[in-house]
Amino acid sequence: MVKSIAPENHTVCSSSSTLCKLISWWNSHHSDKESAILQHQADWLLWLLHGKFGVTDYNNALKVGYDPETDSYPSWLLSQPYCRLLPSVKAPGTPIGFIKEDIRVKYGFPKDCVVCTGTTDSIAAFLAAGATQPGKAVTSLGSTLAVKLLSTCRIEDARFGVYSHRLDDQWLVGGASNTGGAVLKQIFTDDQLEQLSKEINPSEPSPLDYYPLPDIGERFPVADPKMEPRLHPRPENDAEYLHGILESIARIEAKAYLLLKDLGATEAQEVFTAGGGAKNKQWIKIRERVLGLPVSRALQTQAAYGAALLALKGVQHNYQ
Ligand SMILES: Nc1ncnc2c1ncn2[C@@H]1O[C@H](COP(=O)(O)OP(=O)(O)O)[C@@H](O)[C@H]1O
Ligand SMILES: O=C(CO)[C@H](O)[C@H](O)COP(=O)(O)O
């Protein structure tokens, strides 16, 4: 359905895209189409704060089909019956309005507190890391593994789950794999992760070859909704098992950066790490060996810090 209206290999062709979800909803629900609007999670959260419907940012809107290069929805999307559900789009960090009075009073915010448009979680993590030059990258090791590489050129190829977000006048090229912390959490507690990791010698390659996924389906660097998790054979020693899983996730990350290079992105030179997995020093060393690049923990590993920086920039730009 999406493939019949969108250009070949467009990001919206990925089965997890916002546009696929919107069309699936449009075709399966027969009530309330008249009053419905499309909100991304971030739009909904911001709406609770400012109370204005139908506003988003061009990062969140990418996967519904918004073109951040022309700063507009493409004509193939605007000719669809559900196009009036699409929110208006502003640059990330643009002031939308003052915070609602009841919320302001409840939480003690100042009277001039302004709410700005946001961005996606892994872009916020990139901003938190403070990387500004092409070739610098951030891998977010949260529930999933999201890769963002600052590049001078834009790349998009849904066959591999690769897309580019606009970051001012540059591009954040990358994608998100379903591997990452969620699969670790299915097998180990956070305490076990910390203790077992200490038993791993990161300079020694693990011979175990897995494809750790929490469920069926992968998005990037291979887009395959039917891919099965591969987590066997399980050795008796848990530290060996964890070593094999961390090393296998590192191989997926290395494949991701290699793919971006092959597709023509600026070559990665240095990788910062954000998210819950960033605290694992052994994993950072394993990744450094497998990627063949300098890898370090970002100074700020919380995406929320990047979102706050974005709001600060927006307010300074518009009110000073
Ligand atoms: N020591 C550790 N080593 C590797 N991963 C860890 C460690 N501690 C926690 N994690 C993983 O970090 C993930 C949580 O990170 P977080 O950035 O909060 O995720 P989310 O994407 O859900 O916001 C969990 O899925 C957990 O498996
Ligand atoms: O898997 C994720 C959340 O579950 C990723 O963080 C997300 O898909 C990445 O999206 P984007 O590249 O648009 O920031």
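In each ligand, atom 1 is the first atom listed, and ligand 1 is the first ligand listed. Everything numeric here is computed off the predicted structure, so don't read it as measured data.
Those atoms of ligand 2 that come under 4.0 Å of a heavy atom in Lys63, given as number and element, are 8 (O), 10 (O), 11 (P), 12 (O), 13 (O). Atoms of ligand 2 found under 4.0 Å from any heavy atom of Lys148 (numbered from 1 in listed order, with element): 11 (P), 12 (O), 14 (O). Close approach of ligand 2 to Thr144 (heavy-atom distance below 4.0 Å) involves ligand atoms 1 (O), 2 (C), 5 (C). The ligand atoms of ligand 1 that sit less than 4.0 angstrom from a heavy atom of Gly142 are 15 (O), 16 (P), 17 (O), 19 (O), 21 (O). Counting atoms of ligand 1 from 1 in the listed order, those under 4.0 Å from a heavy atom of Gly277 are 4 (C), 5 (N), 12 (O). Residue contact check: Trp283 has heavy atoms under 4.0 Å from atoms 4 (C) of ligand 1. Listed by number with element, the atoms of ligand 1 under 4.0 angstrom from any heavy atom of Gly275 are 17 (O). Those atoms of ligand 1 that come under 4.0 Å of a heavy atom in Lys279, given as number and element, are 8 (N), 9 (C). Residue Asp121 approaches ligand 2 through these ligand atoms, each under 4.0 Å from one of its heavy atoms: 3 (C), 6 (O), 14 (O).
Summarising the local packing, CD of Gln39 is surrounded by more than 12 heavy atoms from other residues, nucleotides or ligands at distances under 6.0 Å. Within 6.0 Å of atom NZ in Lys52, more than 12 heavy atoms from other residues, nucleotides or ligands are found, so the atom counts as buried in its surroundings.
Scanning both residues, Trp171 and Ser164, for their nearest heavy atoms gives CE3-CB, 3.9 Å. Residues Ser17 and Val12 approach most closely at OG-O, 2.7 Å, considering heavy atoms. In terms of heavy-atom proximity, Asn60 sits nearest to His40 at O-NE2, 3.0 Å.
Tyr257 contributes no side-chain N or O that, together with a main-chain N or O of Glu267, makes up a donor-acceptor pair within less than 3.5 Å. Of the possible polar contacts, none joining the Glu194 side chain to the Asp191 backbone as a donor-acceptor pair under 3.5 Å is found. The backbone N or O of Trp26 lies less than 3.5 Å from a partner atom in the side chain of Lys33, making a donor-acceptor pair. Panel note: side chain Gln269, backbone Gly135; no donor-acceptor pair is recorded below 3.5 Å. In this structure a side-chain-to-backbone donor-acceptor pair under 3.5 Å is present from Thr273 to Ser296. A donor-acceptor contact shorter than 3.5 Å links the side chain of Tyr66 to the backbone of Ser72.
Among Asp190, Ile245, Ile284, Leu246, the residue whose heavy atom lies nearest to atom 9 (C) of ligand 1 is Asp190. Distances from atom 7 (C) of ligand 2 to the heavy atoms of Gly275, Ala176, Gly180 show the closest one on Ala176. Nearest to atom 4 (C) of ligand 1 by heavy atom, out of Thr301, Ile249, Asn280, Leu145, is Asn280.
In this structure, a donor-acceptor pair under 3.5 Å is present between the side chains of Asn280 and Ser197.
Note that atom 19 (O) of ligand 1 has protein non-hydrogen atoms nearby, at separations under 4.0 angstrom.
Looking only at heavy atoms of the protein, atom 7 (C) of ligand 1 is closest to Leu193 CD1, 3.6 Å. Looking only at heavy atoms of the protein, atom 17 (O) of ligand 1 is closest to Gly276 N, 2.9 Å. In terms of protein heavy-atom proximity, atom 22 (O) of ligand 1 is closest to Ser143 OG, 2.6 Å. Protein heavy atom at the shortest distance from atom 27 (O) of ligand 1 is Gly181 O, 2.9 Å.
Residue contacts with ligand 1 for Phe188 are absent, since no atom lies close enough (heavy atoms, distance under 4.0 Å). Only the backbone of Ala182 comes within 4.0 Å of ligand 1, counting heavy atoms alone; no side-chain atom from C-beta on gets that close. With a heavy-atom cut-off of 4.0 Å, Arg219 touches ligand 2 through its side chain alone.
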